[in-house]
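In what follows, residues are counted from 1 in the order of the sequence shown. Worth knowing before you read on, the calculation uses all heavy atoms, side chains too, and leaves out hydrogens, waters and symmetry mates. Values in this document were obtained by computation on a predicted structure and should not be read as measured data.
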Amino acid sequence: MPNPALDTPDSASRETAGMTSIPWWQQAVIYQVYPRSFMDSDGDGIGDLPGVIERLPHLVDVGVDAVWLSPFFASPQRDIGYDVADYRSVAPEYGTVDDAQALIDRCHDLGLKVVFDLVLNHTSDEHPWFTESRSSRDNPKADWYVWADGGTNRLGRPTPPNNWRSELVLPRAWQWGEERQQWYLATFLHFQPDLNWHNPEVEAEMTDMIRMWLERGVDGFRLDIFHTIMHDANLRPNRFRPRFRSGLPRLDDPVHTLNTDENFALGQRLRAVCDEFDGDRALLGEVFGAPEELQRYVEDEGRPGLNLVFLFDFLVAPYEAGRLRSLIARFEREYPAPHVPTYVLENHDRERSLTRLGGDERKARVMAALLCTLRGTSVLYQGQEIGMTNHPIPLREANDPIPHVVARWMPEWVHDCLPERLNRDEVRVPMQWSGEAGAGFTDPGVTPWLPFHDDHGTVNVEAQTSDADSLLNWYRELLALRHASPALRYGALELFDTDPDIIAYERRHDDERFVVVANLGERTVRHPVNDAQAAALSGPRIELRSSSVSLPPHSATVLRLG
Ligand code: NOJ
Ligand code: MG
């Protein structure tokens with residue numbers, strides 16, 4: 001039966017479909033591009049901005065609404081751009097500011113919104129600000145970073161100012177600055193010194209830079225580790241309190257370093273900067289903390305802050321209907337309209353979801369169906385749509401600095417016992433466009449900056465485009481359906497409590513109603529539905545009867561009610 005909802009809308013109707021009072025960022029599916037690994041246009045083995053522009057039609061074809069680009073600013077690339085050396089210029093291997101402008105304009109021509117990635121907590125230690133700041137105690141940038149005196153131990157060696165720990169868990173957050181004979185704060189990696197946002201000059205410079213990109217047309221920013229920016233200005237120590245958090249050990253209660261009151265206030269000020277423009281620019285926070293803390297970023301005592309915060313729980317939650325259902329219920333409570341939850345299954349820091357699902361593509365389809373039909377904003381990571389998996393790379397060979405830092409305090413066999421290996425290279429290998437030499441990412445014969453995944457001959461965009469049953473086509477169908485349906489884009493959500501293996505919910509807007517049913521279990525389940533008109537989206541062996549639908553193990557369907 002032909003299904004009008006599945007006709008891929010062209011860019012004009014995408015625009016019309018988006019013309020509602022609901023802001024774009026509350027109904028968007030955002031596609032994360034990791035520029036170094038997306039598309040290499042000049043054959044140097046490194047992805048670049050002209051390459052991204054070349055491949056934008058793929059994003060339109062998949063049916064996403066916006067693109068978020070991981071940082072492409074000038075950088076020594078020790079943390080692949082999350083160590084910025086100039087926020088106003090583009091790293092030469094990626095292109096120029098003109099290329100960035102062309103990218104913004106091209107996205108807009110195609111009806112896509114553009115989100116840049118801002119690393120506000122720290123710069124590279126090679127940023128000229130830091131070079132100056134570290135040179136003496138009284139230069140003009142002396143107070144742009146967080147410098148402090150420590151003490152000395154019995155052997156006469158300097159000891160840090162307080163007990164703050166880096167976000168890499170065990171190493172301390174303080175690094176020694178020889179020239180100044182002082183310590184500087186580095187909350188993440190040692191070469192990423194924290195900016196001192198207590199200094200009004202820093203905030204003025206950064207907000208100015210944000211305005212520059214907003215003037216160029218950027219629709220929003222993803223804010224890198226935003227919860228860490230406003231540490232306690234008096235450097236009060238954190239209380240020692242060892243425990244596990246998200247599967248990793250944590251030694252303290254980070255009340256003076258993370259999610260401070262001042263940090264929430266900063267979010268509100270940055271929101272005000274965005275709102276100086278046309279009221280349609282958005283901030284998406286990468287923030288970690290307790291649920292109440294995350295909520296405070298979007299609204300605190302009635303004051304609006306970040307538009308969205310990532311809810312990372314789906315990145316780590318087991319594939320289990322009960323667990324996922326209770327997360328959905330919680331997010332619905334915590335982010336009631338006009339707020340929306342932000343769902344994510346993968347990014348450049350965490351394991352590929354298909355790898356986590358044991359390579360079972362049926363499960364990946366179930367998760368894709370949830371991601372694309374739950375209420376809120378969803379974020380996909382490049383390659384997720386074709387089921388890219390982790391490409392194993394030995395820890396010692398990692399380009400990623402984290403395994404090398406971790407190796408100082410954790411033997412490799414302990415590392416291997418962690419729920420997740422901390423070698424982010426494995427999820428950053430080049431995008432797989434085709435099965436040819438170069439994977440359609442770079443010219444044949446060119447060595448890419450990270451190796452190609454072994455499976456690129458079979459797992460690639462070209463092969464999946466021509467296979468009607470591919471994961472890519474499942475994503476395309478889901479997103480085409482979402483696009484054509486206000487109920488799925490921004491309708492209310494009602495979650496049903498049913499069979500333990502089932503996640504089922506209704507999405508409704510005006511007269512339009514859909515029911516999404518997913519079976520995450522090992523047995524076929526019959527789920528009662530009243531009023532089902534037709535399956536808007538279905539899979540093999542899913543049977544719709546007059547008052548029920550029967551789903552085989554690990555399958556999902558979207559039914560139109562009428
Ligand atoms: C989070 C980013 O996603 C990650 O890739 C980066 O290493 C850290 N923040 C530090 O900027
Ligand atoms: Mg290149």
Side-chain angles (χ1 to χ4, degrees), residues 1 3-7 9 13-14 16-29 63-65 298 308 311 314 321 324-343 366-378 474-475 477-499 502-520 525-539 542 544-551 555-562:
M1 193 173 72
N3 187 339
L6 295 186
D7 290 339
S13 59
R14 289 161 62 87
T16 329
M19 271 174 43
T20 62
S21 55
I22 311 289
W24 70 268
W25 46 269
Q26 289 196 336
Q27 47 175 312
V29 175
V64 299
D65 309 279
V298 297
L308 304 165
L311 300 171
F314 271 48
L324 297 176
R325 198 186 311 111
S326 63
L327 283 173
I328 296 167
R330 203 187 90 205
F331 299 155
E332 282 296 309
R333 277 197 309 277
E334 291 170 352
Y335 299 89
H339 300 298
V340 292
T342 301
Y343 289 94
V366 168
M367 294 309 292
L370 299 178
L371 188 74
C372 299
T373 62
L374 280 164
R375 189 182 72 88
T377 304
S378 294
W474 177 244
Y475 267 106
E477 287 169 21
L478 282 163
L479 293 178
L481 181 62
R482 177 181 169 115
H483 258 285
S485 150
L488 289 175
R489 287 213 312 283
Y490 46 77
L493 182 145
E494 186 188 349
L495 193 59
F496 303 124
D497 207 359
T498 53
D499 186 282
I502 293 281
I503 295 179
Y505 46 88
E506 182 179 314
R507 300 293 314 276
R508 174 200 295 253
H509 180 74
D510 293 340
D511 291 341
E512 192 186 39
R513 287 160 67 213
F514 285 96
V515 155
V516 179
V517 189
N519 178 6
L520 283 72
V525 177
R526 185 188 299 276
H527 177 79
V529 270
N530 294 320
D531 244 12
Q533 236 182 32
L537 225 128
S538 201
I542 292 180
L544 180 61
R545 314 250 170 81
S546 58
S547 59
S548 69
V549 61
S550 143
L551 290 106
S555 66
T557 183
V558 184
L559 308 173
R560 186 184 293 276
L561 303 185

List in chain and number order the residues that pass side chain to side chain contact (heavy atoms under 4.5 Å, CB included) with [X], two or more places apart in sequence or in another chain; answer none if no residue qualifies.
X      : result
Gln533 : Arg560
Val298 : Val309, Tyr335, His339
Arg330 : Pro291, Asp313, Leu327, Arg333, Glu334

Indicate yes or no: at least one non-hydrogen side-chain atom of [X] is less than 4.5 angstrom from one of [Y].
X      : Y      : result
Asp65  : His483 : yes
Phe331 : Leu374 : no
Leu551 : Val525 : no

Mark yes or no for whether [X], through its side chain, and [Y], through its backbone, hold a donor-acceptor pair below 3.5 Å.
X      : Y      : answer
Arg482 : Gln27  : yes
Arg325 : Ile502 : yes
Thr377 : Trp25  : yes
Gln26  : Pro338 : yes

Straight-line distance of [X] [atom1] to [Y] [atom2], nearest 0.5 Å:
X      : Y      : atom1 : atom2 : result
Leu537 : Thr373 : CG    : OG1   : 9.5 Å
Ser21  : Tyr490 : OG    : OH    : 7.0 Å
Asn519 : His527 : CG    : NE2   : 10.5 Å
Ile542 : Thr557 : CD1   : OG1   : 4.5 Å
Phe314 : Leu324 : CZ    : CG    : 5.0 Å
Leu488 : Arg375 : CG    : CZ    : 13.0 Å

Can you list everything that forms a side chain to side chain donor-acceptor pair (under 3.5 Å) with [X]? Sequence neighbours excluded, please.
X      : result
Ser548 : Arg526
Arg508 : Glu506
Tyr475 : Gln384

Search all heavy atoms of [X] against all heavy atoms of [Y] and return the closest pair with its distance.
X      : Y      : answer
Leu559 : Ala532 : CD1-CB, 4.4 Å
Gly63  : Leu479 : O-CB, 3.7 Å
Val529 : Val549 : CG2-N, 3.9 Å
Ala484 : Glu512 : O-OE2, 4.3 Å
Ser555 : Val366 : N-CG2, 3.5 Å

